[in-house]
Amino acid sequence: MDLRQFLMCLFLCTVFALSKPTEKKDRVHHEPQLSDKVHNDAQSFDYDHDAFLGAEEAKTFDQLTPEESKERLGKIVSKIDGDKDGFVTVDELKDWIKFAQKRWIYEDVERQWKGHDLNEDGLVSWEEYKNATYGYVLDDPDPDDGFNYKQMMVRDERRFKMADKDGDLIATKEEFTAFLHPEEYDYMKDIVVQETMEDIDKNADGFIDLEEYIGDMYSHDGKADEPEWVKTEREQFVEFRDKNRDGKMDKEETKDWILPSDYDHAEAEARHLVYESDQNKDGKLTKEEIVDKYDLFVGSQATDFGEALVRHDEF
C-alpha cells in the first residue's frame, strides 16, 4: 500500500472510530488567516512577519541578528521580484505572501513527486501515477478493506485530465500540484464542485437537497432530537444556500457554498507593506526600501527581544 492509500485508510478509520453524531463536517474551502497574531503595528510587527514569511519560517528569523536578517531578507526580495526589473509590486508581493502561507502544499507535492516520477524525467504521467497508486490493488477484484479502488481510479483520472492543461496525460510539477490540491487553482474549481456533489448527492439526480445536505454533516444515529447547530444549518440551507428557493442546490449554488469569494487577506497585507515601506511613494518597492524597513517584514533578535536592544544594535 503506498503512502496515499495508507493515509486515506487511516483517515477513514479515524473518522469512523472517532466521529460523533453531533460533530460537524466542514466542506467549505476558506482562505486561511495569514496569522493568529493581532494585526497592530503600534504594538509589534508579529502579524506582518507571519504573513510575509509564514509562521514557522518567521520563528527562525527571531534567532538572527539584525544584520543576518537583513542579508536573508535581501535574498528573499530577489525571489519576489519575478520580472527582475529591480522593483517589487503589490502583485508580486501578494503572490509571495500566498506562496509563503501555502508552503506546506508545495512540500507535500515534493514528497509525493518523488514517489510518482518513476522514471525520474521531471514529469509524472498518468500511467506512472496509476501504477504507483493503484498498481497492486487493481489485480485484486475483492480487496479486504472494501474500498472500490477502480471507482477511485476513474475519479482520479478525470481530475488528472482536468489538471493536465495540454492534454498529453503527462503532468508538470505545477499541473501535479493542481491535481493534488485542486481547490488552490481557479481552473480546477469545477472539479472540486463536481466531486463534492457526487459525494453528497445520494440519489444521483444532479442536485443536493436539504436532507442530503444535512446527512453529509450529521448522522441521527437513532436519536430523535437534533443539536442546535443542525437546526441552524437547516435554516442556512433554506435562507442562503438554496438561492432560487427550489428546495435543492444546483452546481452554482454548491460552488457558492464550498468556494466562497473570501476577503483577499494577502492582497490587503501586500498593500499595507508597500504603503509602509514606499519612501518615494511610486507605488512599488526597491530592495533598499524593503531592507530599510526590515523589522516590518521579518523578525530578528532585536525585534524579538525589545526596543532597548534595537537602539543598542542600530545606534
Side-chain angles (χ1 to χ4, degrees), residues 1-14 29-32 34 52-60 72 75-76 78-82 84 92 94-140 143 145 147-196 199 259 266:
M1 180 178 294
D2 84 344
L3 178 61
R4 188 168 184 264
Q5 293 164 0
F6 172 75
L7 291 175
M8 187 181 300
C9 292
L10 181 63
F11 168 76
L12 289 171
C13 290
T14 302
H29 299 278
H30 288 293
E31 281 292 315
L34 301 183
F52 182 70
L53 295 168
E56 290 305 312
E57 184 70 10
K59 293 176 184 177
T60 68
R72 284 182 61 177
K75 293 177 180 178
I76 290 174
S78 298
K79 296 179 182 179
I80 300 173
D81 180 16
K84 306 304 178 187
E92 287 173 329
K94 178 182 72 173
D95 289 343
W96 168 262
I97 290 170
K98 288 188 174 183
F99 168 80
Q101 293 297 315
K102 296 175 180 178
R103 189 177 279 116
W104 70 271
I105 289 176
Y106 300 101
E107 292 172 351
D108 173 57
V109 171
E110 286 297 330
R111 284 192 298 269
Q112 299 215 40
W113 186 264
K114 294 174 184 177
H116 292 97
D117 181 14
L118 302 181
N119 63 4
E120 299 183 347
D121 65 347
L123 300 165
V124 172
S125 69
W126 167 248
E127 285 301 313
E128 284 180 308
Y129 181 83
K130 181 178 70 173
N131 290 335
T133 306
Y134 297 104
Y136 87 96
V137 295
L138 293 180
D139 297 330
D140 185 356
D145 55 26
F147 288 120
N148 188 335
Y149 287 106
K150 289 188 177 181
Q151 188 177 51
M152 291 165 61
M153 187 184 71
V154 169
R155 182 160 158 156
D156 269 356
E157 183 176 12
R158 183 182 62 191
R159 188 197 286 190
F160 193 97
K161 288 179 177 179
M162 179 73 76
D164 175 31
K165 286 186 171 182
D166 58 10
D168 61 357
L169 287 180
I170 299 175
T172 63
K173 190 163 287 187
E174 187 70 12
E175 290 170 335
F176 194 62
T177 304
F179 166 68
L180 293 176
H181 300 278
E183 70 282 353
E184 302 296 334
Y185 290 81
D186 285 340
Y187 81 99
M188 294 292 290
K189 288 185 175 178
D190 283 347
I191 202 74
V192 175
V193 175
Q194 184 175 357
E195 290 177 0
T196 301
D199 288 342
L259 297 169

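Note that these values count all heavy atoms, side chains included, but never hydrogens, waters or copies made by symmetry. Positions are given from 1 along the sequence.
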Is any NZ, NE, NH1 or NH2 atom of the basic residue among Glu195 and Arg159 found under 4.0 Å from an Asp or Glu carboxylate oxygen of the other? yes

Distance-only, no hydrogens or angles: does the Asp117 side chain make a donor-acceptor pair with backbone N or O of Val124 under 3.5 Å? no

Using a strict cut-off of less than 4.0 Å between a Lys/Arg side-chain nitrogen and an Asp/Glu carboxylate oxygen, indicate whether Lys189 and Asp186 qualify as a salt bridge. yes

What distance do Glu183 atom CD and Leu259 atom CG have between them, rounded to the nearest 0.5 Å? 8.5 Å

One thing to verify: whether Arg103 and Glu107 come together as a salt bridge, which I'm taking to mean a side-chain N less than 4.0 angstrom from a carboxylate O. no

Nearest 0.5 Å, please: how far is NZ in Lys75 from CD1 in Ile80? 14.5 Å

Asp190 side chain to Gln194 main-chain N or O, any donor-acceptor pair under 3.5 Å? no

Is the NZ or CZ atom of Lys173 both under 6.0 Å from the centre of the six-membered ring of Trp113 and within 45° of that ring's axis? yes

Neighbour count >12 (heavy atoms, 6.0 Å) for atom NZ, Lys79: no

For Glu92 and Gly82, work out which heavy atoms get closest and say how close. OE2-N, 3.1 Å

Glu184 and Lys102 ion-paired at < 4.0 Å: yes

How far does CG of Asp108 sit from OG1 of Thr177, to the nearest 0.5 angstrom? 9.0 Å

Please assess Phe179 against Met162 for the test side chain to side chain contact (heavy atoms under 4.5 Å, CB included), listing each intermediate value before the final yes or no. CA-CA 8 Å; Phe179 166 68; Met162 179 73 76; over 6 Å; no

Side-chain heavy-atom pair Glu157, Lys130 within 4.5 angstrom cut-off: no

Output the distance between atom OH (Tyr106) and atom CZ (Arg111), rounded to the nearest 0.5 Å. 14.5 Å

Give the intermediate values and the outcome of ring pair (Phe, Tyr, Trp, His ring centres under 6.0 Å) for residues Trp126 and His116. CA-CA 10 Å; Trp126 167 248; His116 292 97; over 10 Å; no

Considering all heavy atoms of both residues, which atom of Ile170 and which atom of Glu175 are nearest to each other, and what is their separation? O-OE1, 3.3 Å

Where the side chain of Glu128 meets the backbone of Ser125, is there a donor-acceptor pair that is under 3.5 Å apart? yes

What I want to check is whether the side chains of Tyr185 and Glu174 have a donor and an acceptor closer together than 3.5 Å. yes

Side chains of Thr172 and Asp166: does their closest heavy-atom pair fall under 4.5 Å? no

When you measure from the side chain of Tyr134 to the backbone of Tyr149, do you find a donor-acceptor pair of N or O atoms at a distance under 3.5 Å? no

For a side chain to side chain contact (heavy atoms under 4.5 Å, CB included) check, start with the C-alpha distance between Glu57 and Phe52, then their side-chain angles and the critical distance, and finish with the verdict. CA-CA 9 Å; Glu57 184 70 10; Phe52 182 70; over 6 Å; no

Compare every heavy atom of Leu123 with every heavy atom of Asn119, then report the nearest pair and how far apart it is. OD1-O, 4.4 Å

Would you confirm whether the ring centroid of Phe176 sits within less than 6.0 angstrom of the ring centroid of Phe160? no

